[in-house]
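Structure, as structure tokens:
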Amino acid sequence: MQPFTQQVIDIIRTIPKGKVMTYGQIAKSAGSPRGARQVVRILHTMSHTYDLPWHRVINIKGEISIPDDESRFLQKILLEEEGIETNTAGRIDLSIYRHDG
DNA sequence: GCCATGGCTAGTA
DNA sequence: GCCATGGCTAGTA
């Protein structure tokens with residue numbers, strides 16, 4: 001386990017229920033401002049084994065960005081259960097729901 | 001080689 | 001819509 005990877009995992013674990021963080025925001029907090037894709041990769045491969053709240057990570061546009069239909073539907077449900085609503089444009093308002101790590 | 005980005009530009013309205 | 005970016009898991013041999 002590399003330090004950056006560990007940092008990313010730790011940060012994702014700190015996102016409280018009812019809040020979200022963006023890929024780029026997490027990467028920056030972990031010390032790699034351009035490492036957003038790395039956060040993607042970590043979420044993709046390690047969410048299950050490290051029991052991460054993967055659904056609380058979205059892109060900077062406020063969109064759920066999982067390509068798989070089933071998973072993106074699940075993410076929407078999980079967020080709604082935590083009180084996070086999407087607006088009429090189908091987006092999540094970061095000015096309301098963003099967690100500032 | 002993989003990956004669920006993000007920022008910038010061109011081009012439309 | 002394009003494309004530069006970046007750090008490295010899981011699983012096979």
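Residue numbers begin at 1 in each chain, while the letters A, B, ... track the order of the sequences.
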A/Leu94 and A/Thr22, any side-chain heavy atoms less than 4.5 Å apart: yes

Side chain proximity check, A/Gln6 to A/Asp10, heavy atoms < 4.5 angstrom: yes

Option among A/Leu43, A/Thr14, A/Ile42, A/Val39 that satisfies the side-chain contact (heavy atoms from CB on, under 4.5 Å) test with A/Ile26: A/Val39

First of A/Gly35 and A/Met1 reached from the 5' end of DNA chain C, by closest nucleotide: A/Gly35

Sugar-phosphate, base or nothing in reach of A/Gln2, heavy atoms under 4.0 Å: sugar-phosphate

A/Lys17/A/Glu82 ion pair, N-O < 4.0 Å: no

Side chain proximity check, A/Leu74 to A/His55, heavy atoms < 4.5 angstrom: no

Along DNA chain C (nearest heavy atom to each residue), the more 5'-positioned of A/Tyr50 and A/Gly31: A/Gly31

Comparing A/Ala36 and A/Arg41 on DNA chain B - which has the more 5′ nearest nucleotide: A/Arg41

Minimum side-chain heavy-atom gap A/Ile66-A/Gln75 below 4.5 Å: yes

Touch class at under 4.0 angstrom, heavy-atom based, for A/Ile66 against every strand present: base

Sugar-phosphate only, base, or nothing, as touched by A/Ser71 at under 4.0 Å among non-hydrogen atoms: nothing

Cluster overlap A/Phe4 with A/Ile9, hydrophobic side-chain contacts below 4.5 Å: yes

5' to 3' contact window, DNA chain C with chain A (heavy-atom distance under 4.0 Å): C/dA4 to C/dA10

Residue closer to the 5' end of DNA chain B, A/His55 versus A/Lys61 (nearest nucleotide): A/His55

Pairing pattern in dot-bracket form [Watson-Crick, G-U; both distances under 3.5 Å; | = partner strand] for DNA chain C: ||||.|||.....

Heavy-atom check, side chain of A/Glu85 versus side chain of A/Glu80, under 4.5 Å: yes

Distance, P atom - from B/dC3 to C/dT12, rounded to whole angstrom: 16 Å

Sugar-phosphate only, base, or nothing, as touched by A/Arg34 at under 4.0 Å among non-hydrogen atoms: sugar-phosphate

Close side-chain approach of A/Gln25 to A/Ile11, heavy-atom, < 4.5 Å: no

